[in-house]
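So the structure is just underneath, and the comments pick up after that.
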Amino acid sequence: MLEMYTIEQLAAFAEYGTFSKVAEVLHTSQPAISRSMRKLEGELGVTLFDRGKNRIALNSLGELAARQARLVISAHDALVRTVQDADRQSRTFSYGSIAPAPMWELTPILSQLFMGMTVSSDLQETEDVLLKGLDDGTYNLVVLLRPPKGTAYFSQPFFREKLAVLLPAAHRLADRKMLHLRDLAGESLLIHNKIGFWYSLCRKKIPQATFFEQNELSALREIVRRSELPSFVTDVSDRAMPVPRGRIMVPLADREVDVQFFCVCKAEKAKEYAAVFSALKRVQK
């Protein structure tokens, strides 16, 4: 039976052209490579190399064998990957979300329901990426802004979230009862860049604005507290981070900023995840 290491060495020789380079790359010795190739020729019953006094090269059979070796290596790697991925998925509950707030509620629920498993979460800006991940098995469950069409999915409403803007008390818009995102055109704004779809929505709907992005929430909160720049908050995040002194929270009237989240799984998994959806009903806001 052919040994995997000899197949790998043959493929490496086809790539690098000398035993010395193959030995260097594979962290072995040149005589060991030479012995392996002679062993391979013996097992196949053919000559794979043209050997000269100071030169060795693959002959036509050797080149054919090297091409087949690469296919074997690729199939071997695919087998290992597939089995390891299946094992990892069997021990991991993975979900993706279109916004961070649903993750604050969902992760503790899943950790309690799937004790002994790793709960993995992923924040995305677009629903297409999340649905693709649900379809290909990357995610067990996703949180979207609308239930997907078709009978292939089961969805359940989760909770609502609404965006507002935080303004310094002396800001020109601070006395307004309600604003639209377009009213912030031309402003310099603080924004957290790990907020899922909220990030692209704000950048799209506020023209000619300058965004000062932060990827650490703690740093953003400190800058909000100390600066005079407008920033954003939601009715959900406000519970975790109360409005700082000297700031006014002004609601936004845009239809797109008042959102309903939906938890979605593949239809055939609805019964398996019934306990998850039952628990989610108890935290609907």
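Because the structure is predicted, anything quoted here is derived from the model rather than measured. Atom set for the values below is all heavy atoms of this structure, side chains included, hydrogens, waters and symmetry mates excluded.
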Task: pair S120-F93: side-chain heavy atoms closer than 4.5 Å - done: no

Open item on the list: Under a 4.0 Å threshold between the charged nitrogen and the carboxylate oxygen, would D254 count as salt-bridged to K205?
Closed with: no

Task: Residues N215, E213; criterion side chain to side chain donor-acceptor pair (under 3.5 Å); working and verdict - done: CA-CA 7 Å; N215 56 22; E213 299 182 11; over 6 Å; no

Open item on the list: Count I, L, V, M, F, W, Y as connected when their side-chain heavy atoms are under 4.5 Å apart, and connections chain through other members. Are V25 and Y5 then in the same cluster?
Closed with: no

Open item on the list: Just so I know, are the side chains of Y153 and L131 near enough to count as touching, which here means a heavy-atom distance under 4.5 Å?
Closed with: yes

Task: Smallest separation among heavy atoms of K21 and Y16, with atom names - done: CG-CB, 3.5 Å

Open item on the list: For a 4.5 angstrom cut-off between non-hydrogen side-chain atoms, does F262 reach Q156?
Closed with: no

Open item on the list: Minimum heavy-atom separation for P230 and L167, please, with both atom names.
Closed with: CB-CD2, 3.6 Å

Task: Taking every non-hydrogen atom, the tightest pair across L61 and N59 - done: N-OD1, 3.0 Å

Open item on the list: Is the distance from the ring center of F13 to that of F49 below 6.0 Å?
Closed with: yes

TODO: Evaluate the side-chain proximity of R160 to F261: yes if any heavy-atom separation is below 4.5 Å, no if none is.
DONE: no

TODO: Drop me the distance from Q124's CD to K132's NZ, to the nearest 0.5 angstrom.
DONE: 11.0 Å

Open item on the list: Looking at every heavy atom in both H192 and Q214, which two are closest together, and how far apart are they?
Closed with: CD2-O, 2.9 Å

Open item on the list: For a quick test of reading the model, state the closest non-hydrogen atom pair linking W198 to A99 and the distance between them.
Closed with: NE1-CB, 4.0 Å

Open item on the list: Is there a continuous path of hydrophobic side-chain contacts, each under 4.5 Å between heavy atoms, that joins L64 to L71?
Closed with: no

- [ ] Check A66 against A14 and note the closest heavy-atom contact, atom names and distance.
- [x] CB-CB, 3.6 Å

Open item on the list: Is there a path of hydrophobic side-chain contacts, each under 4.5 Å between heavy atoms of I/L/V/M/F/W/Y residues, joining V129 to V259?
Closed with: no

Task: Check against side chain to side chain donor-acceptor pair (under 3.5 Å), S36 and Q9 - done: CA-CA 8 Å; S36 292; Q9 290 172 356; 3.0 Å; yes

Open item on the list: Can you confirm whether F232 sits close enough to L190 that some side-chain heavy atom of one is under 4.5 Å from a side-chain heavy atom of the other?
Closed with: no

- [ ] Could you tell me if the ring centre of Y95 sits under 6.0 Å from that of Y139?
- [x] no

Task: Hydrophobic cluster membership, F114 vs I109, 4.5 Å side-chain cutoff - done: yes

- [ ] Please assess I223 against F212 for the test side chain to side chain contact (heavy atoms under 4.5 Å, CB included), listing each intermediate value before the final yes or no.
- [x] CA-CA 10 Å; I223 296 171; F212 292 94; over 6 Å; no

Open item on the list: Are M178 and V257 connected into the same hydrophobic cluster when the rule is that any two of I, L, V, M, F, W, Y join if their side-chain heavy atoms are below 4.5 Å apart?
Closed with: no

Task: More than 12 heavy atoms from other groups under 6.0 Å of CZ on R51 - done: yes

Open item on the list: Would you say that S231 contacts R247 through its side chain, given a criterion of any heavy-atom pair below 4.5 Å between the two side chains?
Closed with: yes

TODO: Check the pair T47 / E41 against side chain to side chain donor-acceptor pair (under 3.5 Å), numbers first and verdict last.
DONE: CA-CA 6 Å; T47 299; E41 288 176 314; 4.8 Å; no

Task: Electrostatic pair D50:R55 at N-O distance under 4.0 angstrom - done: no

- [ ] Return yes when atom CD of E268 has more than 12 non-hydrogen atoms of other residues, nucleotides or ligands closer than 6.0 Å, and no otherwise.
- [x] yes

Open item on the list: I need the L110 CG to M117 CE distance, nearest 0.5 Å.
Closed with: 10.0 Å

Task: Side chain proximity check, M4 to V72, heavy atoms < 4.5 angstrom - done: yes

- [ ] Take F154 and Y273 through the ring pair (Phe, Tyr, Trp, His ring centres under 6.0 Å) test and state the conclusion after the steps.
- [x] CA-CA 10 Å; F154 173 82; Y273 301 153; 10.0 Å; no

TODO: Compute whether any side-chain donor of one residue and acceptor of the other, for T126 and D128, lie under 3.5 angstrom apart.
DONE: no

Open item on the list: To the closest 0.5 Å, what do you measure between CG (L58) and CG (L10)?
Closed with: 6.0 Å

- [ ] Hey, could you give me the OG1/CG distance between T138 and L130, rounded to the nearest 0.5 Å?
- [x] 10.5 Å

Task: Pair E187 + R172: basic N to acidic O under 4.0 Å - done: yes

Task: Distance-only polar pair, side chains of S20 and Q30, donor-acceptor under 3.5 Å - done: no

Task: Side chain to side chain, L163 and P251, heavy atoms closer than 4.5 Å - done: no

